[in-house]
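Remember, predicted model here, so these are calculated numbers, not experimental data. Read the numbers this way: they start at 1 and go in the same order the structure lists the ligands and their atoms.
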Amino acid sequence: MTEPFSAVDVIRTKRDGARLLPAQIDWVIDAYTRGVVAEEQMAALAMAIFLNGMDATETARWTLAMISSGERCDLSAVTRPTVDKHSTGGVGDKITLPLAPLVAACGAAVPQLSGRGLGHTGGTLDKLESIPGWRAGLSEAEIIQQLIDVGAVICATTPTLAPADRKLYALRDVTSTVESVPLIASSIMSKKIAESAGALVLDVKVGSGAFMKNLDAATELAHTLVDIGTQHGVAVSALLTDMSTPLGRAVGNAVEVAESVEVLQGGGPADVVELTVALAAEMLALAGISDVDPARVLASGAAYETWCTMIRAQGGDPDAPLPRAAHVHLVPAPETGILTHLDAYAVGVAAWRLGAGRARKEDPVQHAAGIICRAKPGDQVEAGAPVLELHTDTPEAVPAALAALEGNWRIGGERAQSGPRVLDVIRGKLG
Ligand code: URA
């Protein structure tokens, strides 16, 4: 086949700061998926985009080309309104686990196609795989059947869903080109639009533990995501939420499942409950379900029942004991006072070094590894009492985890004002 463009010309166009033509974008994504554009050429183009950006028209076309690299799911057999949530990634962000069964228990269908963790942010599939027997890989037919029977499914993306993004995301991860608004927005939205849910709520994280470290950058990303969804006829809202300190007390895999179950059983940390209910309310509003209060459904235990059914439907045993780490190292408070600062990024890196995350895509994770924050910012701590519990099966990893935490938590005399988790909401307008 004669190729209509040359990769070198496309790279040069963006390297020199010009706009890519729609036909160039369609070709480069398709040729990369076919293996005609080499990895090193796409790496150079990703870096040129990282440095010179893409405007709204280019980003929309890039997203469409990535959707067209695979097939869209057909959810027409699902009669309930379909709505999904996507988080841009954070530390201790287990919200999908209680949220999907909660929204299903409120009457919507939630097709939550998720990923694995890489670097300091955790992955939903890694967390759920700590449940004995639970299976991440489902066919499209199984996904649809589970949406009809249970109303919620959390599973791996199917191989035919935006395959260009799968290749490109792995490449960006090893070429330091992840934190680019057009590349993040097109990556997320290509998968979510191909998934075909009728509505989407985005949890755009802001702070040290997020890709977007400040509110301006996160707001720009949120607007870009919402605009792409709107252009594709998907009702989208974005909640900007704080990720400067870990969400909840548990960071890792099995420890986050345990905390999610606490939330589903009516307990759990207040910030996890607050964000779960806020996201559920937004999802239900977009799905057109206005007469159900998610906080009441959560408190009633109905969401926990849906969780158990959802886990069993994928081969898991919701009653089985979760894995426990062979070694627990306690980090004590050096003095009495108030914990004024606990940095999300540092805790994420420490949990990753303990074995909760992976350095390379093919690495296994330790299901029991992670961190329990016995204190959160604003809590009183006593000298000698544990502030953090480090869980690992490989105790030789503890010094590296302690090094990541060094200087990243503080005890002071004054209780700092803790702000709200939800910082802003941006809603798309369908015409
Ligand atoms: N999540 C994604 O799916 N893609 C990105 O680029 C960043 C976060």
Side-chain angles (χ1 to χ4, degrees), residues 29 32 42-43 45-51 53-54 58-60 62-67 69-70 73 84-91 93-96 111-127 136 154-159 161-195 197 200-213 217-229 232 234 236 238-241 243 247 344-345 348 352 357-358 361:
I29 296 286
Y32 176 57
M42 192 47 121
L45 181 58
M47 185 56 83
I49 293 171
F50 183 93
L51 296 172
M54 286 200 289
E58 289 173 291
T59 307
W62 189 276
T63 309
L64 188 59
M66 295 224 289
I67 297 169
S69 71
C73 293
D84 192 9
K85 184 267 323 190
H86 183 87
S87 158
T88 56
V91 176
D93 183 5
K94 72 276 299 167
I95 298 292
T96 293
Q112 176 77 58
L113 305 192
S114 301
R116 294 180 189 282
L118 208 56
H120 76 279
T121 62
T124 300
L125 302 181
D126 295 328
K127 295 170 198 183
I154 306 175
C155 65
T157 52
T158 60
L161 195 111
D165 178 64
R166 194 163 313 114
K167 273 187 91 174
L168 182 54
Y169 190 78
L171 181 69
R172 287 168 55 215
D173 193 58
V174 294
T175 55
S176 215
T177 50
V178 171
E179 299 94 337
S180 145
V181 167
L183 290 177
I184 295 178
S186 54
S187 165
I188 293 174
M189 294 308 285
S190 61
K191 285 174 289 209
K192 291 293 153 182
I193 292 167
E195 181 190 282
L200 176 65
V201 174
L202 296 153
D203 182 359
V204 180
K205 301 286 188 200
V206 191
S208 75
F211 286 128
M212 297 296 141
K213 307 291 180 202
T219 304
E220 185 195 346
L221 176 61
H223 277 293
T224 308
L225 290 161
V226 168
D227 289 349
I228 296 173
H232 285 268
V234 182
V236 184
L239 272 63
L240 287 114
T241 69
M243 187 30 74
L247 190 49
Y345 180 70
W352 172 34
R358 52 171 70 76
K361 260 173 95 69

Counting non-hydrogen protein atoms only, what is the nearest one to [atom]? Give residue, atom name and distance.
atom                   : result
atom 8 (C) of ligand 1 : F211 CE1, 3.7 Å
atom 5 (C) of ligand 1 : Y169 CE1, 3.2 Å
atom 3 (O) of ligand 1 : K191 NZ, 2.5 Å
atom 4 (N) of ligand 1 : S187 OG, 2.6 Å

Looking only at side-chain N and O atoms, does [Y] offer a donor or acceptor that is under 3.5 Å from a partner on [X]?
X    : Y    : value
T96  : K85  : yes
S190 : D165 : no
S208 : K213 : no

Below 4.0 Å from ligand 1: does a non-hydrogen atom of I188 turn up there or not? yes
Exercise. Can you check whether L113 reaches K191 side chain to side chain, under 4.5 Å on heavy atoms?
Worked result: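 They are not in side-chain contact.
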What residue among T88, I193, V204 forms side chain to side chain contact (heavy atoms under 4.5 Å, CB included) with I188?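 Single side chain to side chain contact (heavy atoms under 4.5 Å, CB included) partner of I188 among T88, I193, V204: T88.
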